[in-house]
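As structure tokens, the structure follows; a few thoughts come after it.
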Amino acid sequence: MAMVRVRFAPSPTGQPHIGWARTALFNWLFARRHGGTFVLRIEDTDQKRAVAGAREVFDAAFQWLGFTYDEGPGRDGGYGPYLQSQRIESHRRVAGELLDQGRAYPCFCTPEEIEARRAEDRRLGRPPRYPGTCRQLSQEERRRRMAGGEPYVIRLLAPEEGSIVVHDLVRGDVSFDLALLDDFVLMKADGTPTYNFASVVDDAEMAITHVLRADEHLANTPKQLILYQAMGRTAPAFAHVPMILAPDRAKLSKRHGATPLAEFMAQGYLPEAVVNYLMLLGWNPGGDREFLTLTEGAQLFSLDRVQKNPAVYDTQKMTWINAHYLRQLGEEELWQRAQPFLTARDLVPDQPSADQAAYAKAVLSLMQSRASTLVELAEAAAVLLTEPEEFDAQGVHRHFESPGAAGRLTALADRLQGATFDAAGLEAAITELAGEMGVARAELIHPARLAVSGRTVGPGLFEMLSVLGRERTVARLRQAAARASS
RNA sequence: GACCCCAUCGUCUAGAGGCCUAGGACGUCACCCUUUCACGGUGAAGACCCGGGUUCGAAUCCCGGUGGGGUCACCA
């Protein structure tokens with residue numbers, strides 16, 4: 001295979017979301033797998049909807065995801081410009097050539113006329129189709145009206161019969177009836193290109209070899225194919241990957257289910273987990289693998305294992321994958337990742353001292369297997385990082401309001417004052433005290449957990465106390481004793 | 001509505017005519033581990049959309065239905 005060049009061509013509108021990331025990812029994986037180039041092109045043709053700063057937003061998204069484009073805005077590979085709006089000269093030139101060759105023609109119909117016609121078609125149950133009014137115009141009339149400054153669009157002179165086959169790398173051959181294609185618009189009256197036209201000109205000029213995009217574009221492909229024919233250029237290969245659907249099976253949209261990446265970031269998802277999940281949504285390397293890194297994916301990716309049917313995305317599974325990656329982080333790494341979430345909640349200062357950092361790390365490790373996201377981790381860590389304020393109501397009833405509760409807590413505080421503060425030492429001390437008092441260990445353990453954390457659930461008590469340290473432990477026990485029943 | 005795509009547990013999927021008594025994972029439910037909660041372990045429930053063919057044999061091939069999705073712009 002010749003040098004593979006793929007492109008990801010988002011419009012600058014809105015936030016990068018889950019579908020955005022999946023399409024970018026598949027393109028990147030394909031490029032890597034074949035030693036090719038992954039190009040980013042921003043389709044900002046529609047200036048009305050252009051959003052300033054899109055490039056920075058995209059770069060931030062790529063940086064978070066952990067992979068990025070080889071060529072694109074600010075990363076010239078000799079096939080620029082990478083902003084579609086900057087290729088306007090080419091769009092006009094090619095449109096002019098098509099006009100000169102008689103493969104396209106100016107159309108002076110007004111939008112109102114077209115719309116009326118379309119409404120009529122719909123009413124009669126006919127496929128809406130441009131009737132070809134301006135097809136018949138003589139060269140003289142065209143020249144005259146164009147020179148006269150009458151507004152016009154440029155339409156492709158599309159073939160009227162026959163069929164065209166898309167050789168799709170995921171779906172196989174898909175045939176379309178050309179009689180159903182009308183003379184679609186190439187250049188709008190304002191002199192800017194339409195999507196199908198700009199996209200084709202750009203792909204051709206950028207020497208794109210494979211177009212991997214979402215399934216929703218499959219129906220556009222015959223238009224693009226006849227455009228390549230009209231331009232006398234070889235079309236790239238196409239591969240339409242299945243769409244990602246919202247949990248209710250509806251198409252993802254800004255308003256519906258297309259969760260922005262920024263939100264996953266804010267919710268404390270790890271990018272490697274999101275990427276792992278996305279990679280396996282609509283593709284799999286065969287077998288039972290659930291965990292895959294970008295590097296592994298880049299070695300294994302192949303279009304013939306891309307699914308044909310759309311995939312509903314399910315946050316539960318992504319959360320599970322996230323929890324898996326979270327548990328695998330070492331203490332230092334965990335701290336690095338969690339720190340922003342801790343400082344955002346004022347659980348550690350912006351510039352923690354060595355002691356504060358060490359304590360936070362120990363707490364994080366303690367909570368690591370009990371959280372699925374960094375947000376959950378921070379919330380779990382808060383229990384030990386701050387003084388307990390609220391105590392679990394049922395726990396209070398059971399452990400603080402039982403007869404002798406205060407006495408047990410005080411006795412425990414007294415005993416732990418002089419205990420060795422590691423898990424083994426604490427266990428020995430508590431076991432011994434329970435024996436002396438003639439109560440089950442649990443009679444001390446449960447009230448103690450509630451006393452130091454305010455919760456009835458959490459890490460093993462001995463580990464928790466050893467992390468908490470003597471001072472905090474004893475203080476919290478005494479405070480709890482004060483409010484418990486004697 | 002027309003055109004196109006698709007169809008395996010609730011979800012993601014394995015499955016390329018006999019290996020399928022349809023496998024795995026998430027989720028759900030039990031049990032084990034245990035000082036609680038997680039983690040981990042074990043197990044259970046849970047699917048080939050329907051109907052016709054083809055074949056000795058079909059989840060796998062063909063046809064038809066049904067269902068879901070997409071596209072039908074001077075949006076991208």
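All chains are named by letter (A, B, ...) in the order of the sequence lines, taking the proteins before the strands, and each is independently numbered beginning at 1. Owing to the predicted nature of the structure, the values given are computational and were not obtained by experimental measurement.
A:K308 has its NZ atom 19 Å from the P atom of B:A59, to the nearest Å. What separates CG of A:N276 from P of B:U13 is a distance of 14 Å, to the nearest Å. A:H17 has its NE2 atom 12 Å from the C1' atom of B:A76, to the nearest Å. In this structure, A:R370 places its CZ atom 12 Å from C1' of B:U34, rounding to the nearest Å. B:U28 atom P lies 6 Å from atom CD of A:Q316, rounded to whole Å. In this structure, the CG atom of A:L292 is 19 Å from the P atom of B:C12, given to the nearest Å. What separates CD1 of A:I164 from P of B:C4 is a distance of 14 Å, to the nearest Å. Note: CD (A:E463) to P (B:U34) measures 14 Å, nearest angstrom.
In this structure, A:K251 does not reach the B:G68 phosphate: none of its side-chain N or O atoms is under 4.0 Å from OP1 or OP2. Contact annotation: A:R305 side-chain N/O to B:G15 OP1/OP2 distance is under 4.0 Å. Close to B:U35, at under 4.0 Å from its OP1 or OP2, lies a side-chain N or O of A:R441. The side chain of A:K223 contributes no N or O atom lying less than 4.0 Å from OP1 or OP2 of B:C4. Between B:U13 and A:R289, no contact under 4.0 Å exists linking OP1 or OP2 to a side-chain N or O. For A:R22, no side-chain nitrogen or oxygen approaches OP1 or OP2 of B:C12 to under 4.0 Å.
Here the side chain of A:L281 is nearest to one of B:C4, B:C74, B:C12, namely B:C12. Nearest nucleotide to the side chain of A:R327, out of B:C4, B:G40, B:C12: B:G40. With distances taken from any side-chain atom of A:D288 to the nucleotides B:U35, B:A76, B:G24, the minimum falls on B:G24. Distance from the side chain of A:N309 is smallest for B:C6 among the nucleotides B:C6, B:U36, B:U35. Checked against B:C39, B:A76, B:U71, the side chain of A:A219 finds its nearest nucleotide in B:U71. For A:E216, counting side-chain heavy atoms from C-beta on, the closest listed nucleotide (B:G70, B:A38, B:C4) is B:G70. Considering only side-chain atoms of A:M243, the nucleotide from B:G40, B:C5, B:G70 that sits closest is B:G70. Comparing B:C6, B:C74, B:G24 by their nearest atom to the side chain of A:P310 picks out B:C6. Among the nucleotides B:U35, B:C4, B:U11, the one closest to any side-chain atom of A:D314 is B:U11. With distances taken from any side-chain atom of A:A311 to the nucleotides B:G27, B:U35, B:C12, the minimum falls on B:C12.
A:R118 comes within 4.0 angstrom of sugar-phosphate atoms only, judged by non-hydrogen atoms across all strands, and of no base. The residue A:S175 sits close only to the backbone: its heavy atoms come under 4.0 Å of sugar-phosphate atoms, none of a base. Here A:G282 lies in heavy-atom contact (under 4.0 Å) with sugar-phosphate atoms only. Residue contacts for A:E290: at a heavy-atom cut-off of 4.0 Å it reaches a base atom on one of the strands shown. Across all strands, A:T194 comes closer than 4.0 Å only to sugar-phosphate atoms, never to a base (heavy-atom distances). Within 4.0 Å of A:F462, counting heavy atoms only, lies at least one base atom of the nucleic acid. Contact annotation for A:A442: no contact, since no heavy-atom pair falls under 4.0 Å across all strands. Residue A:V153 is in base contact, counting any heavy-atom pair closer than 4.0 Å across all strands shown. Among the atoms of the strands shown, base atoms are found under 4.0 Å from some heavy atom of A:H217. Note on A:Q307: only backbone sugar-phosphate atoms sit closer than 4.0 angstrom, heavy atoms only; bases stay farther off. Nucleic acid contact class of A:L461 (heavy atoms, under 4.0 Å, all strands): base. Residue-level contact check: A:R171 touches the backbone only, with heavy atoms under 4.0 Å from sugar-phosphate atoms and none from bases. Looking at heavy-atom distances under 4.0 Å, A:P247 makes no contact with the nucleic acid at all. The residue A:R455 sits apart from the nucleic acid: no heavy atom pair falls under 4.0 Å.
Nucleotide B:U28 forms a pair with B:A44, judged by Watson-Crick or G-U wobble geometry with both contacts under 3.5 Å. Base pairing of B:U71 is made with B:A2, judged by Watson-Crick or G-U wobble geometry with both donor-acceptor distances under 3.5 Å. Judged by Watson-Crick or G-U wobble contacts below 3.5 Å, the nucleotide B:G18 has B:C56 as its partner. Using Watson-Crick or G-U wobble geometry with both donor-acceptor distances under 3.5 Å, B:U66 finds its partner in B:A7.
Note: A:F264 and A:H17 fail the aromatic proximity criterion, with ring centroids not under 6.0 Å apart. Here the two rings, on A:F291 and A:W320, have centers that are under 6.0 Å apart. Aromatic rings from A:F62 and A:Y69 are positioned such that their centres are separated by under 6.0 Å.
In this structure a side-chain-to-backbone donor-acceptor pair under 3.5 Å is missing from A:D168 to A:V174. With hydrogens and angles disregarded, a donor-acceptor distance shorter than 3.5 Å links the side chain of A:N276 to the backbone of A:E290. A:Q86 places no side-chain N or O within donor-acceptor distance of the main-chain N or O of A:Y82, the cut-off being under 3.5 Å.
Taking atom C1' on both nucleotides, B:U54 is separated from B:C63 by 11 Å, rounded to a whole Å. Nucleotides B:A38 and B:C26 are separated by 16 Å at their P atoms, to the nearest Å. Comparing B:G1 with B:G17, their C1' atoms sit 39 Å apart, to the nearest whole Å. Between B:A16 and B:A59, the distance separating the two C1' atoms is 12 Å to the nearest Å. Between the C1' atoms of B:C37 and B:C50, the separation comes to 47 Å (whole Å). Between B:A76 and B:A58, the distance separating the two C1' atoms is 44 Å to the nearest Å.
Between A:L245 and A:Y277, the residue whose closest nucleotide on RNA chain B is further toward the 5' end is A:Y277. Annotation: of the two residues near RNA chain B, A:R249 and A:D177, the 5′-most nearest-nucleotide partner is A:D177.
More than 12 heavy-atom neighbours from other residues, nucleotides or ligands sit within 6.0 angstrom of CD on A:E333. Annotation for A:E56: atom CD counts as buried by contact number, over 12 foreign heavy atoms lying within 6.0 Å. In A:Q136, the CD atom is crowded: over 12 heavy atoms of neighbouring residues, nucleotides or ligands sit closer than 6.0 Å.
With hydrogens and angles ignored, no donor-acceptor pair under 3.5 angstrom links the side chain of A:S11 to the base of B:A76.
Salt-bridge formation is not detected for the pair A:E390/A:R455: no Lys NZ or Arg NE/NH1/NH2 atom is positioned less than 4.0 Å from an Asp or Glu carboxylate oxygen.
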